[in-house]
There are 2 protein chains.
Amino acid sequence: MSGTGERVTIKDVAARAGVSKGAVSLAFNHKPGVSEATRERIFAAARELGWAPSATARSLSSKRVDIVGLALCRPARLLGLEPFYMDFISGIEGVLAERSCSLLLRLVRDLDEEIALHQEWWRGRMIAGAILVDFREDDPRVPALRRLGMPAVAVGHPRLTGPFPAVWTDDASAVAEAVRYLAALGHRRVARVGGPADLGHSAIRTRAFADTVRELGLEEARQIATGFDEKEGARATRTLLLAADRPTAIVYDNDIMAVAGAGVAAEMGFTVPDDLSLLAWDDSQLCRITHPTLSAMSHDVHHFGAEVARVLFDVVNGVDTGGHQVPTPSLTPRGSTAPAPGA
Amino acid sequence: MSGTGERVTIKDVAARAGVSKGAVSLAFNHKPGVSEATRERIFAAARELGWAPSATARSLSSKRVDIVGLALCRPARLLGLEPFYMDFISGIEGVLAERSCSLLLRLVRDLDEEIALHQEWWRGRMIAGAILVDFREDDPRVPALRRLGMPAVAVGHPRLTGPFPAVWTDDASAVAEAVRYLAALGHRRVARVGGPADLGHSAIRTRAFADTVRELGLEEARQIATGFDEKEGARATRTLLLAADRPTAIVYDNDIMAVAGAGVAAEMGFTVPDDLSLLAWDDSQLCRITHPTLSAMSHDVHHFGAEVARVLFDVVNGVDTGGHQVPTPSLTPRGSTAPAPGA
DNA sequence: AGCCGCTGGTGAACCGGTAAAGCTCCGATT
DNA sequence: AATCGGAGCTTTACCGGTTCACCAGCGGCT
């Protein structure tokens with residue numbers, strides 16, 4: 001019927017129900033001031049006309065928005081590959097949907113672009129708040145966005161996230177657990193294939209790894225920083241395994257690189273886990289579909305996302321609940337870790 | 001400085017530049033009617049005050065929105081696992097970003113919820129148009145959303161997408177190519193592990209598969225419909241391999257299931273590709289990080305997404321360019337396919 | 001009878017932009 | 001000298017809601 005016709009507004013509904021715009025507004029927002037009878041008439045009219053309030057107009061006058069922003073600053077192909085983000089996003093979405101809120105997503109090339117985007121979003125009143133991820137050491141977003149006064153929740157260690165309420169996992173403890181586990185299996189040379197050096201959590205893990213190795217009296221450990229993708233993961237693995245003092249165990253900073261590493265090991269004639277133990281991070285289904293299955297430091301990424309969304313709502317509503325630590329990734333032993341050869 | 005203070009509006013900028021609101025609006029929209037000198041003053045004022053136009057107010061009066069919607073109706077954990085969507089989304093994003101447009105994303109549980117969401121989005125003038133995916137046979141969204149008159153682009157075969165401009169790949173030809181390739185390698189019993197039966201493209205592939213098998217005179221083929229996830233992919237593979245007339249080659253409808261299938265094969269003592277050939281779909285990095293690497297029907301999902309976004313822009317701007325077929329997935333042979341045993 | 005307070009509304013102002021009509025110079029045209 | 005036209009702004013009326021001040025009834029109380 002309606003075709004592409006003129007869209008129906010609150011005025012039409014008001015006219016049809018025989019009341020004023022104000023009454024319709026009150027009814028639709030479940031505010032007192034309209035009798036049950038008129039409320040019904042209004043809803044009936046709205047239903048008949050197929051009307052829904054214009055979010056645009058509403059947020060202009062009420063200054064409320066039901067959208068939160070998320071900008072991701074990673075190469076697109078990596079995002080597609082890494083299960084982490086989609087899982088994380090779906091966790092966020094779950095909570096947002098409960099509050100009939102949507103997620104505005106944007107991929108950006110660099111942090112400057114991200115800062116500009118948030119300014120545009122926030123000043124343009126397009127979002128109620130934002131989720132910030134992938135913090136660097138001395139992240140330029142912290143001063144820039146603090147100045148905006150935009151509600152935001154930061155995913156990362158409080159040391160990195162400045163004034164923003166943070167949600168994070170205790171990566172240092174998790175790394176320590178990983179190394180201890182491998183040491184307990186008799187491994188004396190444990191290497192690590194980490195993420196980009198400029199990422200805050202990479203630095204945290206790198207230090208924790210080194211500390212734990214020293215603490216346990218293991219041999220000096222080799223750590224390689226990579227771009228998080230499978231190619232670099234493979235190359236790093238190859239480098240490690242070609243060295244004279246090659247490790248008997250390797251810890252990876254995500255699951256992609258671990259899977260790639262397993263491939264390299266096989267290709268080079270090493271048997272996992274007999275010759276070489278591999279331990280992944282950010283456990284996803286990926287770790288379960290390979291052969292052998294990958295042991296991993298697993299955590300509930302979906303739940304992580306949900307928690308982030310919940311904290312963001314608090315911040316938007318002016319409730320400062322401070323930071324939240326979500327459960328530390330915990331060891332899930334599977335088929336890729338075993339006692340060190342000859343141990 | 002500004003803290004959470006009152007947000008600056010066009011009026012403040014106008015005052016500071018010593019002009020009227022209208023002039024500021026003209027300047028910011030690059031419309032004629034302001035001299036170069038004033039334009040500069042206006043921009044300077046805006047910069048000093050840190051002002052950006054309110055997208056909300058703008059879209060209320062101009063009826064233009066710079067947001068497009070995408071609702072995904074799949075279990076969250078599957079989305080996280082399957083590289084397809086993130087890759088697809090990043091393709092969309094690439095084109096959107098060029099036009100400084102953002103993507104509104106929402107995960108929904110069922111098609112009714114999706115329909116309701118689109119009504120809300122469209123009637124609420126929150127989006128300029130939408131991207132529809134995962135079409136069913138006789139999809140309920142077609143009649144419901146057609147009535148809305150919302151600009152939308154459909155991802156799927158035109159037979160399924162009703163009046164919406166479609167962007168699709170020729171799955172039938174691709175399936176045929178896959179089967180022909182395996183037949184050429186001497187395989188006589190080729191099975192297929194497909195996606196959910198109610199998905200339109202599953203039906204198309206199923207029929208094309210059966211047709212091709214018949215046409216080539218291969219043995220009657222077994223096809224199993226699954227939920228697209230790795231568990232069902234593994235189970236289907238197990239079922240197929242346990243049968244007396246087990247296939248010597250299996251085609252999968254996505255890469256996740258293929259990887260899971262490779263795992264099952266190994267676990268059951270079959271060597272890929274000597275005993276069994278595997279062929280994946282939706283080739284992603286995933287196929288390259290396993291051992292052996294997976295042969296796949298690959299297509300450029302990123303580009304697919306980009307094309308979808310481009311068509312959506314056309315539709316939104318009233319340019320009906322009709323449907324667009326993007327390149328047919330093509331065979332990328334890797335390590336998981338080989339001549340049939342004994343062939 | 002007069003006044004109060006409550007319920008169920010109404011009307012107008014406002015949110016921050018855009019768009020179109022109107023007004024003012026100023027140089028060129030007739 | 002009078003007219004025209006166009007560049008460069010200003011004015012004003014929206015867009016579609018929300019919000020708030022105000023008001024009409026009406027029953028109850030003194």
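So that the names make sense, note that chain A is the first sequence line, chain B the second, and so on, each numbered from 1. Only a predicted model underlies this, so the values are computations on that prediction, with no experimental measurement involved.
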Rounded distance in Å - CG (B:L49) to P (C:dG16): 14 Å

Ring geometry between B:F84 and B:F88 (parallel below 30°, tilted from 30 to 60°, perpendicular above 60°): parallel

Pi-cation contact, A:W168 with A:R159 (under 6.0 Å, within 45°): no

Contact pattern, 5' to 3', of nucleotides 14-20 of chain D - B, S or - by protein heavy atom under 4.0 Å: -BBBBB-

Touch class at under 4.0 angstrom, heavy-atom based, for B:T38 against every strand present: sugar-phosphate

Touch class at under 4.0 angstrom, heavy-atom based, for B:S20 against every strand present: base

A:D198, CG: over 12 other non-hydrogen atoms inside 6.0 angstrom: yes

Mutual orientation of the aromatic rings belonging to B:H118 and B:W121 [parallel < 30°, tilted 30-60°, perpendicular > 60°]: perpendicular

Within the 6.0 Å centroid threshold, strictly below: B:F28 and B:W51: yes

